[in-house]
Amino acid sequence: MTLPTRSPDFMISERLASEIARAATRVIDARSVVALTGAGLSVESGIPPFRGPGGLWTKYGEPPLDGYQRFLRDPKQAWQDRLSPREPWARALAETLGTAKPNAGHHALVELEALGRCDAVITQNIDDLHRQAGARELIEIHGNHKLLRCLGCVARFAPGELAIDPEALPPRCPRCGSVVKVDIVHFGEPIPADVLRRCHAVVERADCMLVVGTSATVYPAAEFPLEVLRRGGSVIEVNPEPSEISDLAELSLRGPGGAVLARLVELVSRARAGSVQ
Ligand code: APR
């Protein structure tokens with residue numbers, strides 16, 4: 001017996017259905033659930049992952065790991081590259097980011113939050129899709145491609161809040177005069193302290209972490225599920241393929257994020273409404 005899903009080409013097997021039911025029980029019984037998401041969650045929105053089959057780094061090679069130092073050395077050039085990307089991976093990513101919409105997985109996490117069963121979403125994605133889906137307690141640990149951030153006072157600027165004049169690059173902060181960059185955290189750049197503080201605050205309280213669509217290879221984000229496990233909590237992975245956290249996860253739900261999370265939330269919602277299948 002298989003269950004239809006909103007991902008037309010993915011059917012939930014009986015085995016996966018029973019694992020999702022176990023995960024739903026875990027989520028219902030948890031004191032505090034936090035979700036950690038990665039590029040895999042946005043694959044069903046048409047944005048390629050970075051690693052593995054169809055990954056941007058797989059296709060174009062990993063970018064230099066000193067992106068931030070390059071920005072600091074020549075912010076004007078870095079901004080010119082941002083306004084008209086030269087790197088093929090940057091062009092490919094920009095194209096998909098411009099048109100992508102949240103999928104069933106993003107919406108399921110918003111629903112889980114509304115059910116009081118998800119206290120925060122920490123995302124490694126810079127694609128703004130959790131925000132567009134309506135996530136409330138959202139922490140974008142690698143920044144957001146639509147926002148700008150001042151390197152001095154760490155002020156953030158929403159689209160349209162700060163005019164970018166291609167003749168006067170790099171843009172300067174209207175508050176402190178420092179250089180402003182896109183909010184995306186480049187390779188080699190420290191995670192802004194305020195963001196990291198928020199991550200630690202929610203991770204410290206969590207006794208259950210949903211790890212969705214990430215290879216769990218990039219730190220400090222990959223440390224968070226380990227922290228939950230060290231404190232005796234549980235990790236539930238959602239990923240069609242094994243990742244660095246698979247061996248430590250209590251449950252690995254092998255399917256696409258959209259389909260699996262939608263099913264998980266359906267069960268949690270039913271349980272909340274008093275009738276568990
Ligand atoms: N649903 C869920 N997971 C999926 C799906 C899907 N539909 N499709 C692929 N995946 C999984 C892959 O199996 C892989 O384990 O998503 C994962 C994507 O891994 P990465 O491409 O490594 O992405 P991520 O873990 O988010 O990368 C972390 O690395 O390059 C940096 O800054 C970048 O934030 C990024 C960070």
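Numbering starts at 1 and runs along the sequence shown. Just the heavy atoms: all of them, side chains too, but no hydrogens, waters or symmetry mates, feed the values below. Every number for a ligand or one of its atoms is a count from 1 in the order of the listing.
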Could you pull out the closest heavy-atom pair between A120 and V202, with the gap in Å? CB-CG1, 3.8 Å

Salt-bridge present (E95, R91; N to O < 4.0 Å): no

Between D194 and R149, is there a side-chain N and carboxylate O pair less than 4.0 Å apart? no

Residues 216-227 vs salt bridge (charged side-chain N to carboxylate O under 4.0 Å, His left out), sequence neighbours excluded, gives E223-R230

From the list V121, D119, L210, side-chain contact (heavy atoms from CB on, under 4.5 Å) with L112 holds only for L210

Would you tabulate the polar-atom pairs, meaning N/O of ligand 1 against N/O of the protein, with distances under 3.5 Å, reported to 0.1 Å?
from     : atom 1 : to   : atom 2 : distance (Å)
ligand 1 : 1 (N)  : G40  : O      : 3.4
ligand 1 : 1 (N)  : G257 : N      : 2.9
ligand 1 : 7 (N)  : E44  : OE2    : 3.0
ligand 1 : 13 (O) : N239 : OD1    : 2.8
ligand 1 : 15 (O) : N239 : ND2    : 2.9
ligand 1 : 16 (O) : G213 : O      : 3.3
ligand 1 : 19 (O) : S215 : N      : 3.3
ligand 1 : 21 (O) : F50  : N      : 2.7
ligand 1 : 21 (O) : R51  : N      : 2.8
ligand 1 : 22 (O) : R51  : NH1    : 2.7
ligand 1 : 22 (O) : S215 : OG     : 2.6
ligand 1 : 25 (O) : T214 : OG1    : 2.6
ligand 1 : 25 (O) : S215 : N      : 3.0
ligand 1 : 25 (O) : S215 : OG     : 3.2
ligand 1 : 26 (O) : A39  : N      : 2.8
ligand 1 : 27 (O) : R51  : NH1    : 3.0
ligand 1 : 29 (O) : R51  : NH1    : 3.1
ligand 1 : 29 (O) : R51  : NH2    : 3.1
ligand 1 : 30 (O) : R51  : NH2    : 3.1
ligand 1 : 30 (O) : W57  : NE1    : 2.8
ligand 1 : 34 (O) : Q124 : O      : 3.1
ligand 1 : 34 (O) : H142 : ND1    : 2.9

Between N144 and D128, a side-chain donor and acceptor under 3.5 Å: yes

